[in-house]
Amino acid sequence: MRRPIAASELSPRTSTIYPEPFASTTKGRAKRALGDQFGLDQFGVNHTTLAPGSASALLHYHSYEDELVYVLSGTPTLETDEGKTLLRPGDVIGFKGGVSEGHRIINDSNAPATILEIGTRRPDVDEVDYPEVDLRYGTNSDPQAGRDGVPVRIFTRKDRTPL
């Protein structure tokens, strides 16, 4: 039988996969990958704490992956292409993959904010676009370049040229 664990007992990941100069956007973000502890691979669940001034990500949208965000504590701000909306504990928002709706959560408050981020895990088909900057994240042009035939995921410029 699996035993429950306290999210606070997991080591947070404070680094980011974003290349510079974009990495500083998420400084102060601490993610605890909850599903990884149980071997879940069809969807991801992150218990994410945003320090004041931090963001969950660059403004982005996915070609395939669905995302859902649930606010546990604090008053972060949802930023989308249409503007900003203050969130409170208990608020939930979802984003359908394949819809070009840029989004991210930022913490403009003076106290930490904690959210649950839940999303599809399909790196083999998902592409991520960042509408405010010349950046995309997806597979390289040679799908055989990855191990076991799985394409390598890399950051490029929007025209797919190297950074």
Side-chain angles (χ1 to χ4, degrees), residues 4-41 43-97 99-123 126-138 152-158 162-163:
I5 57 173
S8 61
E9 293 176 9
L10 300 176
S11 296
R13 180 172 49 99
T14 57
S15 62
T16 181
I17 62 170
Y18 289 141
E20 289 298 347
F22 310 110
S24 61
T25 302
T26 60
K27 186 176 181 179
R29 178 189 73 184
K31 286 188 173 204
R32 290 177 168 87
L34 302 182
D36 291 357
Q37 302 305 308
F38 303 102
L40 304 183
D41 60 8
F43 63 94
V45 181
N46 291 314
H47 180 274
T48 302
T49 300
L50 301 173
S54 184
S56 62
L58 293 168
L59 194 74
H60 71 286
Y61 58 87
H62 294 267
S63 65
Y64 180 86
E65 293 186 2
D66 291 346
E67 287 183 89
L68 183 124
V69 175
Y70 180 82
V71 180
L72 295 169
S73 67
T75 54
T77 300
L78 167 67
E79 182 179 1
T80 68
D81 295 332
E82 296 179 6
K84 295 182 178 184
T85 304
L86 185 66
L87 300 174
R88 298 183 188 328
D91 285 350
V92 64
I93 183 74
F95 299 94
K96 180 74 180 149
V99 177
S100 300
E101 181 180 7
H103 58 276
R104 69 177 175 173
I105 307 295
I106 54 178
N107 186 1
D108 289 332
S109 77
N110 293 324
T114 302
I115 58 177
L116 277 181
E117 300 169 301
I118 303 164
T120 313
R121 282 189 171 178
R122 284 297 308 269
D126 192 46
E127 305 280 330
V128 185
D129 185 56
Y130 301 89
E132 294 184 318
V133 296
D134 186 16
L135 188 68
R136 68 172 286 282
Y137 185 63
V152 175
R153 297 186 48 79
I154 58 172
F155 283 100
T156 64
R157 291 185 172 85
K158 289 184 184 192
L163 290 176

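Every heavy atom of this structure was used, including side-chain atoms; hydrogens, water molecules and symmetry mates were not. Numbers for residues simply follow the sequence, beginning at 1.
The side-chain hydrogen bond (donor to acceptor under 3.5 Å, both in side chains) test applied to Thr25 returns no partner, not counting sequence neighbours. Every residue two or more places apart in sequence or in another chain that forms a side chain to side chain contact (heavy atoms under 4.5 Å, CB included) with Thr120 is listed here: Tyr64, Glu65, Asp66, Arg122. In this view, Phe22 satisfies the ring pair (Phe, Tyr, Trp, His ring centres under 6.0 Å) rule with no residue, not counting sequence neighbours. Shown here are the ring pair (Phe, Tyr, Trp, His ring centres under 6.0 Å) partners of Tyr70, two or more places apart in sequence or in another chain: there are none. Partners of His103 by ring pair (Phe, Tyr, Trp, His ring centres under 6.0 Å), not counting sequence neighbours, listed by chain and number: His60, Phe95. Residues satisfying the side chain to side chain contact (heavy atoms under 4.5 Å, CB included) test with Phe43, not counting sequence neighbours, are Leu40, Val45, Ile118. For Asn46, the side-chain hydrogen bond (donor to acceptor under 3.5 Å, both in side chains) test picks out no residue, with sequence neighbours left out. Taking Thr156 as the reference, Arg136 meet the side-chain hydrogen bond (donor to acceptor under 3.5 Å, both in side chains) condition, with sequence neighbours excluded. Here Asp91 pairs with nothing under the salt bridge (Lys or Arg N to Asp or Glu O under 4.0 Å) rule; sequence neighbours left out.
Checked by atom type and distance alone, the side chain of Asn107 never pairs as donor or acceptor with a backbone atom of Pro76 at under 3.5 Å.
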Would you list the atom pairs, donor with acceptor, under 3.5 Å between side chains in residues 4-20 and any protein atom, with sequence neighbours excluded?
| residue | atom | partner | partner atom | Å |
| --- | --- | --- | --- | --- |
| Thr16 | OG1 | Tyr18 | N | 3.1 |
| Tyr18 | OH | Leu58 | N | 3.0 |

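Using a 4.5 Å heavy-atom threshold, the side chains of Phe155 and Leu135 count as touching. Within the 4.5 Å cutoff, no side-chain heavy atoms of Leu50 are placed close to those of Ile106.
Residue pairs meeting the side chain to side chain donor-acceptor pair (under 3.5 Å) criterion with at least one member in residues 29-38, sequence neighbours excluded: Lys31-Glu117, Asp36-Arg121. For the side chain to side chain donor-acceptor pair (under 3.5 Å) condition, no pair includes a residue of residues 80-89, sequence neighbours left out.
The CG atom of Leu68 sits 12.0 Å away from atom NZ of Lys96, with the distance rounded to the nearest 0.5 Å. Rounding to the nearest 0.5 Å gives a distance of 8.5 Å between CD1 of Ile115 and OG1 of Thr49. In this structure, Thr77 OG1 and Leu87 CG are separated by 7.0 Å, a value rounded to the nearest 0.5 Å.
Around atom NZ of Lys158, more than 12 heavy atoms belonging to other residues, nucleotides or ligands sit under 6.0 Å away.
Across all their heavy atoms, Gly28 and Ser54 have their closest contact at C-OG, 3.4 Å.
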For this session: Determine, stepwise, if the pair Leu78 / Ile105 fulfils side-chain contact (heavy atoms from CB on, under 4.5 Å).
Result: CA-CA 5 Å; Leu78 167 67; Ile105 307 295; 3.8 Å; yes
